[in-house]
Amino acid sequence: MTQTVAIPNKLATTMSGDREPRRKSRSSAAAIGDRKGIVWRSIIAIVVAIIMVFPLYWMVVVAFSPRGEAFEPTLRFWPSAWTTENFQRVFELYPVATWFGNSVVIGLFITFLTVVVNLLAGYAFARLRFRGRNVLFLLTLATMMIPVQAIMVAQFRLVSDLGIYGSYWGVILPGAAAAFGIFLARQFFIGIPDEIIEAAKIDGSGQIRIFLQVVLPLSKPLIAVLILLTLMGSWNDFAWPLIALNDNQLFTLPIGLLYLQNQTAPNYNATMALALISVLPMVALFLSFQRYFVQGFARSGIR
Amino acid sequence: MTSLTARGRGSAPLSPRPRAARRASRLRESLIGWGFLAPNLTLMAIFLFLPILWALQLSFQDSRGFGSPEWVGLKNYAKLVSDPVFWQSFGNTIAFTILTVPITMIGGLCLAVLMNSVLPARGVFRTVIVLPMVISGVASGMIAGIIFYQSNGIINKVLSAVGLYPVAWQSDGLPALISVVIVAIWLRIGFNMIIYLAGLQRIEPQLYEAARIDGASRWQQLRSITVPLVGPSTFFLLIMNVIASFQVFDLIFVMTGGGPGNSTSVLVTYAYRNGFQIREQGYGAAIGIVILIITLLFTFVQWKTSRTRDQAG
Amino acid sequence: MKLNRKRSLAVGAVIVAVTVLSGCVGFGSGGGGGGEAGSNELTFTTWAGDSEAVAFKTLIKQFEAENDGVTVKLNVVPYAQMFSGIDAKLSSGNAPDIFRVDYGNLGVYSSQDQLLDLSPYLADEQNNFIPAMWQAVSFENKPYGVPHQTDVSALLVNTDMLSEAGIDVASLPTTQADAWTWNEFSDAAKQLRTALPADKYPFVYNWQLGGAPRWLSWVFQANGALFEKDGTTPAIDSPAGKKALDYTKSFYDNQWVPPTSSTKSSVYADTTFQEGTAAMVFAGSFLVPDMETLAKFNWTAIPMPRDERGATDLGGNALVATKDTKNPELAAKFLAFMVQADSMSAFCAATNELPTRTDLAADAVTFIVRPDVMPVFVEQASTIEPSDVTQLTSPTMAAISTALQDQLDAAFVGGQSTGDTLTNLTRAIEEASK
């Protein structure tokens with residue numbers, strides 16, 4: 001990851017309208033003057049990096065410390081003895097595997113539905129001409145600004161009237177009504193060169209075929225970004241599952257975390273052990289697909 | 001942030017065709033367009049627009065969540081005006097926004113400038129700064145609760161060890177608010193850095209070369225080249241950060257629960273408290289409507305300014 | 001990193017596999033609703049601590065074994081979403097058959113006609129329970145639930161710290177008869193204050209978060225009350241109320257308690273005892289197992305101090321059946337089973353909570369953890385009077401609790417005078433009772 005906005009293929013580069021940001025190496029005189037600067041900058045960067053990493057490091061320390069040690073008066077920066085007792089306790093007392101599975105199932109369904117809906121809508125807004133398009137796009141964009149919490153009471157009543165309260169669907173369906181991906185998809189599709197689509201039209205392809213056979217194969221980077229962002233959003237989602245899931249066997253990991261914290265005498269070490277379990281998949285995903293994440297975030301900022 | 005007019009290209013057919021055929025093809029395209037939009041529109045209509053109307057209705061009712069609701073007209077809104085906790089939550093929301101947004105943005109820009117310069121192991125630093133972004137609000141809130149723990153949390157232990165006084169993070173209003181602000185900045189600064197980095201990398205290096213030749217200092221370069229040229233990123237981030245701050249929920253719910261007292265209660269947690277914890281669903285819905293109106297006002301103002309900007313630019 | 005076809009297939013396979021593995025349970029609608037009529041299935045929603053969850057499971061197994069073909073589905077949820085979930089399910093008509101509820105919330109549900117009237121099923125049970133607890137589950141003289149357990153506060157003391165401060169640990173009170181008076185309690189606090197360094201404190205009180213009503217124990221000890229007998233007219237602005245407030249205010253003025261332990265703090269104060277920062281703590285018996293695990297010093301429990309009379313914080317929960325349960329008889333049978341003497345004894349023994357039955361006196365329950373300190377709690381429970389319960393379970397308590405939290409904080413650490421505080425409280429009670 002040498003470039004922040006590492007764009008996976010040539011097409012994406014042309015589409016985003018990015019100028020090649022690669023810089024020519026500086027003249028040697030400037031480089032010598034820079035040496036002192038590099039030292040200072042490195043020191044600042046190291047300090048910042050320590051601050052950013054410390055909370056995560058501390059989660060690991062508490063998760064592997066003997067119970068109660070985090071709040072003992074003695075100041076220490078690592079456990080007196082590394083132990084896995086907190087993990088054993090968490091797995092013994094709570095249906096962690098079920099919660100994990102629920103997070104995966106809900107995450108995958110929301111992601112699948114959302115990505116399909118986003119791609120279709122994004123394409124319609126970018127490439128198809130029909131009456132009411134701009135008004136609808138504006139409306140869709142406006143929904144991005146609506147905080148779920150403003151309407152959660154009514155949303156909750158609705159979900160319970162639809163009979164999907166307390167089931168996966170109660171989380172999945174409202175979760176799929178998200179506009180952010182539509183915005184990303186539209187930006188991407190607008191960038192596809194007209195010639196490609198015109199050529200397909202001349203070949204006699206209909207709009208649906210163009211979308212399926214020409215546009216989608218070109219959109220792999222977009223799809224990857226959408227999948228990662230949606231998956232991360234639903235994996236970390238808390239407010240809505242808190243309201244919509246009321247059955248221990250259906251909880252996602254964030255609700256499971258709350259369950260641990262709500263104990264009359266919360267065991268912080270066990271809570272951190274579960275927090276670590278819940279955070280690891282996203283960290284792993286982020287580290288392996290970093291450039292897609294970064295590109296996704298960056299892309300949302302272009303223009 | 002984006003221009004709403006779609007590009008008009010690709011619409012003129014190449015071969016001359018009869019009018020009727022063209023109209024038929026237009027119609028077909030319209031149908032396909034609506035068809036492509038249908039799933040999105042259905043979901044939005046059911047799960048967003050319908051609840052908005054319902055919330056509006058609910059805000060005129062007195063409802064405990066079960067039993068039949070009672071129509072009370074504007075009573076809930078009248079109660080808002082004279083409810084000190086509502087105003088405190090409103091003030092906290094504003095304070096939280098005013099504290100988080102500038103610090104996150106300035107910090108993000110500084111880090112972006114740092115990461116855009118010559119630096120060993122740049123990639124590693126960048127990864128580390130962006131990493132908190134993938135941590136859920138719930139997990140962050142719980143980690144922070146342990147770090148800021150008042151008696152014998154790691155921060156207070158360090159403060160005592162270096163001879164300073166421990167801070168009452170959990171029993172004094174201002175430190176509690178500050179602790180939440182710190183965590184919010186920790187979560188978001190990476191995002192700001194990434195957006196600014198993307199903006200920085202579109203600036204021509206020649207501009208800096210020219211400025212250096214003219215003898216401009218680093219500070220002058222930053223002020224008169226970098227800051228103006230990342231303007232679009234700044235504008236975008238301002239909106240994203242303000243909205244994120246305005247809607248902060250997970251973090252506060254888990255970390256302080258709005259306490260001590262109500263000193264970290266924000267509009268959204270207060271709406272939740274009324275709607276789901278103390279059985280004032282009508283009142284909770286009214287707070288929700290207020291949040292909605294403020295959000296839409298902000299969006300409208302932002303959209304207006306963005307249009308004038310586009311025209312000016 | 002391209003998403004080629006192979007990878008997509010793999011992802012698809014994972015989706016299918018996970019869905020199959022999870023048994024698709026989550027895709028049925030309205031999970032956790034009441035059992036079908038005559039199907040011999042009951043659903044039971046509760047929140048529970050770790051040991052409570054285990055005790056519930058054991059008892060349910062026993063009930064299923066005793067009643068052929070009956071199944072009870074237990075659903076344990078976080079406390080934070082317990083009642084919002086129950087409310088939702090009640091309004092959408094798929095409430096669980098049985099749920100657990102604290103005595104305050106019970107009044108809300110029973111007065112809104114959401115619960116099963118148990119009088120036809122539990123006609124002869126009344127005399128088996130402590131009158132105050134039976135009072136707590138009754139509405140208009142009909143029982144709408146069974147009192148499942150209670151918990152009360154006593155004073156936990158760090159005997160190591162007390163000895164160091166020169167207090168004779170052997171002469172500490174152990175029964176209500178020799179409980180400390182307020183004066184004796186003050187003497188102990190003074191002695192500790194003199195002996196301890198500035199960053200340690202004689203004691204803490206667990207009245208943070210929602211715990212402000214616990215302050216009323218002091219009012220009751222001074223023979224005062226929150227309301228008059230009619231349950232609405234404020235009675236807090238009285239000599240007893242003034243005495244209680246002046247006394248508790250002096251805890252902060254004399255630095256007997258940490259200044260950070262006021263009613264508005266967002267953490268409970270008991271951890272300061274467990275860390276050895278405070279020498280004594282007013283705490284509920286359910287905290288005993290955790291203290292036992294975490295405290296690295298010797299400690300014991302002694303009765304709450306008394307003034308005109310003894311009194312303590314009331315906690316605990318009832319079990320109720322919903323009005324629309326398809327199996328009212330089976331539900332009532334389950335409730336009766338959960339509060340029969342041996343079930344209650346087993347549950348309390350495992351959780352360090354207190355029984356509500358009159359036939360389970362101090363030594364009838366064999367507590368597993370620290371059986372030596374538990375009789376103090378059991379005897380302390382007898383200081384609760386039915387009139388205390390009526391006040392603490394009043395439907396207006398939620399609103400009053402918020403006012404107590406604000407006003408006590410203002411009095412304790414905000415410098416507000418006793419007179420102003422009591423006037424403000426009186427106004428808040430009037431407001432809440434309107």
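What's counted below: heavy atoms across the whole structure, side chains too, no hydrogens, waters or symmetry copies. Every chain is numbered from 1 and lettered A, B, ... according to where its sequence line falls, protein lines coming before strand lines.
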* To do: Could you check Leu242(A) against Phe276(B) for side chain to side chain contact (heavy atoms under 4.5 Å, CB included), going step by step and ending with a plain yes or no?
  => CA-CA 11 Å; Leu242(A) 171 70; Phe276(B) 295 99; over 6 Å; no
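- For Ser42(A), the parts sitting under 4.5 Å from any heavy atom of chain B are the backbone and the side chain alike.
- If you measure heavy-atom distances from Met282(A) to chain B, the contacts under 4.5 Å come from both the backbone and the side chain.
- Using a 4.5 Å cut-off between heavy atoms, Leu131(B) touches chain A through backbone and side chain atoms alike.
- If you measure heavy-atom distances from Leu50(B) to chain A, the contacts under 4.5 Å come from the side chain alone.
- Within the 4.5 angstrom heavy-atom criterion, atoms from both the backbone and the side chain of Val158(B) approach chain A.
- For a residue to count as touching a neighbouring chain, one of its non-hydrogen atoms must lie under 4.5 Å from one of that chain's; by this rule Asp161(A) touches chain B with the side chain only.
- Of all non-hydrogen atoms in Ala45(A) and Met115(B), the two that sit nearest each other are CB-CE, 4.4 Å.
- Contact annotation for Leu136(A): only side-chain heavy atoms (C-beta onward) come within less than 4.5 Å of a heavy atom of chain B.
- Contacts between Leu276(A) and chain B at a heavy-atom distance below 4.5 Å are absent for every atom of the residue.
- Residue Leu237(B) does not touch chain A at all, counting heavy-atom pairs closer than 4.5 Å.
- For a residue to count as touching a neighbouring chain, one of its non-hydrogen atoms must lie under 4.5 Å from one of that chain's; by this rule Leu41(B) touches chain A with the side chain only.
- Neither the backbone nor the side chain of Leu113(A) comes within contact range of chain B; no heavy atoms are under 4.5 Å apart.
- From Met52(A), atom CE reaches atom CG of Leu187(B) across 8.5 Å, with rounding to the nearest 0.5 Å.
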* To do: Before giving the answer on side chain to side chain contact (heavy atoms under 4.5 Å, CB included), spell out for Ile143(B) and Val62(A) the whole-Å C-alpha distance, their side-chain angles and the decisive distance to 0.1 Å.
  => CA-CA 9 Å; Ile143(B) 299 168; Val62(A) 176; over 6 Å; no
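- Judged purely by atom type and a 3.5 angstrom limit, Asn236(A) uses its side chain to pair as donor or acceptor with the backbone of Val134(B).
- With a 4.5 Å cut-off on non-hydrogen atoms, Ile189(B) touches chain A through its side chain but not through its backbone.
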* Mind running side chain to side chain donor-acceptor pair (under 3.5 Å) on Gln207(A) and Arg28(B) for me, showing each step along the way? => CA-CA 9 Å; Gln207(A) 289 287 359; Arg28(B) 198 177 320 128; over 6 Å; no
* To do: Test side chain to side chain contact (heavy atoms under 4.5 Å, CB included) on Val138(B) and Leu258(A) and set out the steps.
  => CA-CA 8 Å; Val138(B) 178; Leu258(A) 182 75; 5.6 Å; no
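- Contacts between Ile243(A) and chain B at a heavy-atom distance below 4.5 Å involve the side chain alone, from C-beta outward.
- Across Ala177(A) and Leu48(B), no two heavy atoms sit closer than the pair O-CD1, 3.9 Å.
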* Given side chain to side chain contact (heavy atoms under 4.5 Å, CB included), test Phe47(B) with Leu162(A) step by step and report yes or no. => CA-CA 11 Å; Phe47(B) 292 107; Leu162(A) 288 175; 4.1 Å; yes
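- Under the ring pair (Phe, Tyr, Trp, His ring centres under 6.0 Å) criterion, Phe246(B) pairs with no residue at all, not counting sequence neighbours.
- Heavy-atom pairs under 4.5 Å with chain A were tallied for Tyr272(B), Phe49(B), Phe249(B), Tyr149(B); the largest tally goes to Tyr149(B).
- Taking Ile197(A), Val117(A), Leu158(A) one by one and counting their heavy-atom pairs under 4.5 Å with chain B, the maximum is reached by Leu158(A).
- Nearest heavy atoms, Glu29(B) versus Leu128(A): OE2-CA, 3.5 Å.
- At a 4.5 Å heavy-atom cutoff, Val116(A) makes no contact with chain B through either its backbone or its side chain.
- Between Pro55(A) and Ile147(B) the shortest heavy-atom distance is CA-CD1, 3.7 Å.
- With a threshold of 4.5 angstrom between heavy atoms, Phe298(B) does not approach chain A through any atom at all.
- Residues Thr74(A) and Lys157(B) come closest through the heavy atom pair O-NZ, 3.0 Å.
- Both the backbone and the side chain of Ile32(B) come within less than 4.5 Å of a heavy atom of chain A.
- Counting heavy-atom pairs closer than 4.5 Å to chain A, the top-ranked of the candidates Ile291(B), Thr295(B), Leu267(B) is Thr295(B).
- Judged purely by atom type and a 3.5 angstrom limit, Arg41(A) uses its side chain to pair as donor or acceptor with the backbone of Val118(B).
- Applying the ring pair (Phe, Tyr, Trp, His ring centres under 6.0 Å) criterion to Tyr57(A), with sequence neighbours excluded, gives no partner residue.
- Across Leu37(B) and Ala124(A), no two heavy atoms sit closer than the pair CG-CB, 3.9 Å.
- Atoms CE and CE, on Met272(A) and Met142(B) in that order, are 7.0 Å from each other to the nearest 0.5 Å.
- The ring of Phe36(B) has its center no closer than 6.0 angstrom to the ring center of Phe125(A).
- For a residue to count as touching a neighbouring chain, one of its non-hydrogen atoms must lie under 4.5 Å from one of that chain's; by this rule Glu72(A) touches chain B with the backbone only.
- If you measure heavy-atom distances from Phe125(B) to chain A, the contacts under 4.5 Å come from the side chain alone.
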